[in-house]
Protein chains: 2
Amino acid sequence: MKLEKAAAQLEALGNPTRLQLYRILVRAGDDGLAVGSVQGKLDIPSSTLSHHLKRLVDTGLVTQERQATTLICRANYPGMNALIGYLADECCADATCAPAASKALV
Amino acid sequence: MKLEKAAAQLEALGNPTRLQLYRILVRAGDDGLAVGSVQGKLDIPSSTLSHHLKRLVDTGLVTQERQATTLICRANYPGMNALIGYLADECCADATCAPAASKALV
DNA sequence: ACGCTATTTCCATATTTTTCGAAATTGAGT
DNA sequence: ACTCAATTTCGAAAAATATGGAAATAGCGT
């Protein structure tokens with residue numbers, strides 16, 4: 001994982017609306033969720049939602065798949081895990097990282 | 001961990017310069033690093049560095065401690081772990097999270 | 001082809017972020 | 001008090017982001 005990519009993903013998640021959006025997709029699981037359904041849950045204009053979604057897709061945190069007229073969105077778990085791995089790796093490079101939490105990631 | 005706080009921390013790390021800065025502090029370990037030393041490694045103007053550092057401190061990812069005229073900066077490991085925990089928690093809320101990695105965090 | 005629904009793109013604006021020189025501040029040490 | 005070094009604050013300009021209305025597009029079903 002390159003620093004630039006990690007930063008882009010972190011920035012993508014670093015917006016309350018997008019973090020909430022991502023969380024909704026995570027909750028939806030493997031079935032994913034149509035853009036319209038997400039919109040219903042977030043109650044924001046479709047154009048705004050589309051912009052945020054694009055950001056998440058572009059950074060590799062979300063994938064999309066067409067099903068007829070609707071677009072199914074899914075959280076990209078491996079992508080998130082790579083990011084978490086990157087952070088944990090940084091965090092524990094020094095081994096003084098307090099909790100055993102991220103060590104389990106190694 | 002509240003969504004707002006998580007988003008603020010993610011946004012703070014979501015800037016290449018700040019992520020690099022944070023990484024430098026992580027590498028420095030418990031001894032921490034003076035602002036001036038960090039500046040030497042990053043080669044950016046002090047005022048710019050100060051702004052970035054403030055952002056990391058404000059979001060709780062970095063702590064600072066005065067030692068005479070120099071300010072020692074340290075990565076806040078527990079803070080980072082809380083963030084990683086939050087992300088992992090989100091990621092695995094659905095249990096379809098592919099790798100076993102973040103499961104170990106629970 | 002037409003109509004319908006879902007979603008995106010275009011465009012424009014308000015806000016926030018990034019950047020950094022210059023000036024101010026802080027805290028020894030003398 | 002004075003000076004030097006370290007760091008922050010001020011002020012300001014350029015760039016990026018966030019937001020959303022309106023128009024365009026895509027893809028069925030008829």
Side-chain angles (χ1 to χ4, degrees), chain A residues 3-25 28 31-76, chain B residues 3-25 28 31-76:
Chain A
L3 180 130
E4 289 290 344
K5 181 175 182 182
Q9 291 186 331
L10 289 166
E11 188 184 44
L13 291 173
N15 171 284
T17 303
R18 279 195 300 267
L19 186 53
Q20 207 179 337
L21 162 53
Y22 183 79
R23 167 180 258 185
I24 286 171
L25 292 181
D31 293 341
L33 218 54
V35 176
S37 306
V38 177
Q39 197 190 349
K41 288 174 187 284
L42 279 179
D43 195 34
I44 58 176
S46 52
S47 69
T48 302
L49 173 59
S50 187
H51 282 306
H52 285 312
L53 258 174
K54 181 171 171 17
R55 187 78 159 265
L56 290 173
V57 170
D58 285 350
T59 52
L61 289 166
V62 164
T63 60
Q64 290 181 322
E65 179 201 348
R66 277 225 103 86
Q67 272 185 16
T69 37
T70 66
L71 234 195
I72 304 297
C73 308
R74 288 191 185 81
N76 178 17
Chain B
L3 180 131
E4 289 289 346
K5 181 175 182 182
Q9 292 188 331
L10 289 166
E11 189 184 42
L13 291 172
N15 172 284
T17 303
R18 280 195 300 269
L19 186 54
Q20 207 179 337
L21 162 52
Y22 182 79
R23 168 179 258 185
I24 286 171
L25 292 182
D31 292 341
L33 218 54
V35 175
S37 306
V38 176
Q39 196 191 349
K41 288 174 186 283
L42 279 179
D43 194 35
I44 57 176
S46 51
S47 68
T48 302
L49 173 58
S50 187
H51 280 304
H52 284 312
L53 259 173
K54 183 172 171 12
R55 186 81 160 262
L56 290 173
V57 170
D58 285 350
T59 51
L61 289 167
V62 164
T63 61
Q64 289 181 323
E65 178 200 351
R66 277 224 103 85
Q67 273 185 17
T69 37
T70 66
L71 234 194
I72 305 298
C73 308
R74 288 192 186 81
N76 179 16

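Note on naming: letters A, B, ... go to the chains in the order of the sequence lines (proteins, then strands), and numbering restarts at 1 for each one. On a predicted model such as this, the values are computed, not experimentally measured, just so you know.
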If the sugar-phosphate is the primed atoms plus P, OP1 and OP2 and the base is the rest, what is the B/S/- string for nucleotides 22-30 of chain C, using protein heavy atoms under 4.0 Å?
B----BS--
Partners meeting side chain to side chain donor-acceptor pair (under 3.5 Å) with A/E11 (sequence neighbours left out)
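For A/E11 the side chain to side chain donor-acceptor pair (under 3.5 Å) partners, ignoring immediate neighbours, are A/R55.
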Please identify each residue that fulfils side chain to side chain donor-acceptor pair (under 3.5 Å) with A/H52, with sequence neighbours left out.
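For A/H52 the side chain to side chain donor-acceptor pair (under 3.5 Å) partners, ignoring immediate neighbours, are A/R18.
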Can you give the first and last nucleotides of DNA chain D, 5' to 3', that have an atom under 4.0 Å from a heavy atom of chain B?
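Range of nucleotides touched by chain B: D/dA6 to D/dG11.
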Please report the interatomic distance [atom1]([X]) to [atom2]([Y]), rounded to the nearest 0.5 Å.
X	Y	atom1	atom2	result
A/L25	A/L61	CG	CG	10.5 Å
A/Y22	B/L10	OH	CG	11.0 Å
A/H51	A/T17	NE2	OG1	13.0 Å

Calculate the interatomic distance between [X] atom [atom1] and [N] atom [atom2]; express it in whole Å.
X	N	atom1	atom2	result
B/L42	C/dT18	CG	P	15 Å
B/L21	C/dT19	CG	P	12 Å
B/R18	C/dT18	CZ	C1'	9 Å

What residues form a side chain to side chain contact (heavy atoms under 4.5 Å, CB included) with [X], not counting sequence neighbours?
X	result
B/T69	none
B/L71	B/V35, B/Q64, B/R66
A/S50	none

Please name all residues satisfying salt bridge (charged side-chain N to carboxylate O under 4.0 Å, His left out) with A/K54, sequence neighbours left out, ordered by chain then number.
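Partners of A/K54 by the salt bridge (charged side-chain N to carboxylate O under 4.0 Å, His left out) criterion, ordered by chain and then number, come out as A/D58.
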Which residues satisfy the salt bridge (charged side-chain N to carboxylate O under 4.0 Å, His left out) test with B/E65, sequence neighbours excluded?
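By the salt bridge (charged side-chain N to carboxylate O under 4.0 Å, His left out) rule, B/E65 matches B/R74.
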How about B/L49 and B/L21: do any of their side-chain heavy atoms sit closer than 4.5 Å?
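Yes, close enough: below the 4.5 Å cut-off.
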Estimate the overall bend of the helix from C/dA1-D/dT30 to C/dT30-D/dA1 from the end axes over five pairs each, rounded to 10 degrees.
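Comparing the axis at each end, I get an angle of 30°.
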Which part of the nucleic acid, if any, lies within reach of B/Q39 when heavy atoms closer than 4.0 Å are counted: base, sugar-phosphate only, or nothing?
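No contact.
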Which part of the nucleic acid, if any, lies within contact of A/T70, taking any heavy atom under 4.0 Å across all strands shown: a base, the sugar-phosphate backbone alone, or nothing?
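Here A/T70 touches the backbone only, sparing every base.
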Please say which of A/I24, A/T63, A/L53 ends up in a side-chain contact (heavy atoms from CB on, under 4.5 Å) with A/C73.
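Among A/I24, A/T63, A/L53, the one that satisfies the side-chain contact (heavy atoms from CB on, under 4.5 Å) with A/C73 is A/L53.
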Does a nitrogen or oxygen in the side chain of B/N15 sit under 4.0 Å from OP1 or OP2 of C/dT17?
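For B/N15, the contact criterion (side-chain N or O under 4.0 Å from OP1 or OP2 of C/dT17) is not met.
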So which pairs with a foot in residues 36-46 of chain B pass salt bridge (Lys or Arg N to Asp or Glu O under 4.0 Å), sequence neighbours left out?
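Output for this query is empty, none listed.
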Which ones in residues 49-61 of chain B lie close to DNA chain C, meaning a heavy atom under 4.0 Å from one of its atoms?
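Contacting residues: B/H51, B/H52, B/R55.
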Report the residue (A/E11 or A/I44) whose heavy-atom-nearest nucleotide on DNA chain D is the more 5′ of the two.
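On the 5' side of the pair lies A/E11.
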